[in-house]
Amino acid sequence: MKRMLSGIKPTGQLTLGNYIGALRNFVNYQDDYEMIVFIANLHCITEYQDPEDLRKNLTDAVALYLACGLDPNKATIFLQTDVHSHAELGYIMACNTYLGELNRMTQFKDKSQKGEKNMTAGLYTYPCLMAADILLYDANYVPVGEDQKQHVELTRDIAQRFNNKYGETFVIPEPLIAKVGARIMSLSDPSKKMSKSDETNKGCIYLLDDPKVARKKIMSAVTDSIGIIQLDKENQPGLYNLIEIASALSNRTMDDIVEQFKGEGYGKLKGYVADVVCEELEKIQSRYNEIMASHQIEEILLDGAKKASAIADKTLDEVKRKIGLEIKY
Ligand code: ATP
Ligand code: LTN
């Protein structure tokens, strides 16, 4: 069975973008692949997080993983810091990555161009830790949203270079980007990705949003003045995004949805999108509440970390041996 691995960095509440672009796909893949998913808590602290908020977001993320349908009997679910090999291989990967490569990472470039102050060294070397996350497990596939593709490609480059220098060690992973929903856009500004760190909160639907609030956000989503329901991503990006959301969640094609609403006003289409989204949120939230009440999270994470460590520690040992870091008596 091929192995698949992915992580989520819960620096805030998980969003509908995370669900459509990543989480939902993990659930679909867990039957056909050996699935490993983790909460990337080390990645969270590349920017300051209030400790109380961080703790709450980490727990929520695990509960939401489960609520969205990840099954701990099929997938290995764990917290990154419970498997120490991540940080250690992350450092080794940083020693095998060039500054020029990190300078090209668009996520970092965007942040520095925005003139963000106090950017940390951890944020800069983050792709090296992400490479370690993936390579420790010999993952064949890495399902991610569009924004993470570049980081997976860098992981491939680092792995290939390492294999050339030290001999065949790492499996070269492939990014897996879904055809629909790989980049859900903000409802208030469809030129931007729907993001947890949305300052206004209007453009982002959180998985734990009250469905009434989510409906309001959808009904007031920014569209255009063209007034025709059709698929024109360039000129009607807001409308396109809404149709894409509904398509991803209903398993209907975008064309099919356009056909149904052809000639109608935008309000009617938005109402449909809101129905589809709210139905999904209600399902997720009711399972989330059950999971939070059942206190099973700690046990699932401990079990996951045990399974993950068995794989990761073996890889790290091999890497250290190949580099010549150990002393043999
Ligand atoms: P931020 O929202 O602060 O930019 P993030 O949501 O990208 O952070 P993660 O939680 O680590 O950070 O993302 C988890 C997964 O969700 C990644 O695979 C990412 O590509 C995907 N993802 C995030 N936002 C979207 C989106 N708007 N559309 C589709 N996929 C997304
Ligand atoms: N960088 C990712 C989260 C992440 C990840 C990973 C995803 C950390 N390590 C390994 C896939 C595989 C993000 O910011 N969304």
Side-chain angles (χ1 to χ4, degrees), residues 3-26 29 35-47 49 57-58 60-62 64-65 68 78-81 83 86-87 89-90 93 105-108 110-111 114 116 122-123 125-137 139-156 158-159 173-199 201 203-207 241 244-245 248-249 308 312:
R3 191 175 282 164
M4 197 174 266
L5 171 137
S6 199
I8 284 195
K9 170 178 67 99
T11 42
Q13 288 284 316
L14 296 191
T15 71
L16 190 67
N18 294 139
Y19 179 63
I20 295 178
L23 259 176
R24 186 181 62 114
N25 303 322
F26 305 168
Y29 292 131
M35 190 76 204
I36 300 179
V37 287
F38 68 100
I39 309 287
N41 56 349
L42 282 173
H43 290 265
C44 288
I45 59 164
T46 50
E47 289 168 287
Q49 308 292 318
N57 288 335
L58 297 179
D60 275 353
V62 185
L64 281 168
Y65 267 9
C68 291
F78 68 98
L79 191 64
Q80 189 180 28
T81 43
V83 180
H86 285 251
L89 187 67
M93 293 296 97
M105 294 296 108
T106 45
Q107 207 173 42
F108 179 80
D110 287 353
K111 285 207 167 134
K114 268 194 219 147
E116 261 181 53
L123 185 68
T125 57
Y126 162 123
C128 307
L129 180 59
M130 178 157 164
D133 297 336
I134 298 169
L135 299 175
L136 276 174
Y137 297 94
N140 304 98
Y141 299 107
V142 184
V144 280
E146 185 65 44
D147 60 326
Q148 294 300 320
K149 190 171 170 213
Q150 198 187 27
H151 292 152
V152 183
E153 277 162 0
L154 176 64
T155 302
R156 289 168 61 87
I158 300 172
E174 270 179 52
L176 209 67
I177 317 267
K179 286 200 186 72
V180 175
R183 192 171 170 81
I184 298 299
M185 308 310 278
S186 159
L187 299 177
S188 55
D189 178 355
S191 69
K192 288 199 194 127
K193 186 185 91 146
M194 182 182 282
S195 166
K196 293 164 189 152
S197 36
D198 182 341
E199 279 133 25
N201 251 341
C204 180
I205 293 182
Y206 297 95
L207 293 180
N241 188 43
E244 186 164 4
I245 291 173
L249 297 180

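For ligands, and for the atoms within them, numbers begin at 1 and follow the listed sequence.
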Nitrogen or oxygen atoms of [X] and ligand 1 under 3.5 Å apart:
| X | answer |
| --- | --- |
| S6 | no |
| M194 | yes |
| D147 | yes |
| A22 | no |
| S195 | yes |

Atoms in ligand 1 flagged as close to [X], the criterion being non-hydrogen separation under 4.0 Å:
| X | result |
| --- | --- |
| V144 | 18 (O) |
| G181 | 29 (C) |
| K9 | 9 (P), 10 (O), 11 (O) |
| I8 | 10 (O), 11 (O), 14 (C) |
| S197 | 3 (O) |
| A182 | 28 (N), 29 (C), 30 (N) |

Heavy atoms only: which of [options] lies closest to [atom]?
| atom | options | value |
| --- | --- | --- |
| atom 24 (N) of ligand 1 | Q148, K193, E244 | K193 |
| atom 6 (C) of ligand 2 | M130, H43, Q148 | M130 |
| atom 16 (O) of ligand 1 | L14, T11, N18 | N18 |
| atom 2 (O) of ligand 1 | R24, K192, K196 | K196 |

What protein heavy atom sits nearest [atom], and how far away is it?
| atom | result |
| --- | --- |
| atom 3 (C) of ligand 2 | G7 O, 3.7 Å |
| atom 1 (N) of ligand 2 | Y126 OH, 2.3 Å |
| atom 18 (O) of ligand 1 | G145 N, 3.1 Å |
| atom 9 (N) of ligand 2 | D133 OD2, 2.7 Å |
| atom 28 (N) of ligand 1 | I184 N, 2.8 Å |

Please state which part of [X] comes within less than 4.0 Å of ligand 2, counting heavy atoms only: side chain, backbone, both or neither.
| X | value |
| --- | --- |
| V144 | side chain |
| I134 | side chain |
| Y137 | neither |

From CA spacing to verdict: side-chain contact (heavy atoms from CB on, under 4.5 Å), Y19, L249: CA-CA 10 Å; Y19 179 63; L249 297 180; 3.7 Å; yes

Structural part of A40 in contact with ligand 1, heavy atom criterion under 4.0 angstrom: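 Under 4.0 Å from ligand 1, A40 contributes no heavy atoms.
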
Parallel, tilted or perpendicular, as decided by the 30° and 60° cut-offs, for the rings of F78 and F38: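 If you compare the ring of F38 with that of F78, the planes turn out parallel.
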
Positive for side-chain contact (heavy atoms from CB on, under 4.5 Å) with I20, one of T15, N25, I245: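 For I20, the side-chain contact (heavy atoms from CB on, under 4.5 Å) test succeeds with only one of T15, N25, I245, which is I245.
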
S186 near ligand 1 by a heavy-atom separation under 4.0 Å: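 In this structure, S186 fails to qualify as a contact of ligand 1 - no heavy atom is under 4.0 Å.
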
Ligand 1 contact by I20, heavy-atom criterion under 4.0 angstrom: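 Under 4.0 Å: no for I20.
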
Working for side-chain hydrogen bond (donor to acceptor under 3.5 Å, both in side chains), residues E47 and T11: CA-CA 9 Å; E47 289 168 287; T11 42; over 6 Å; no

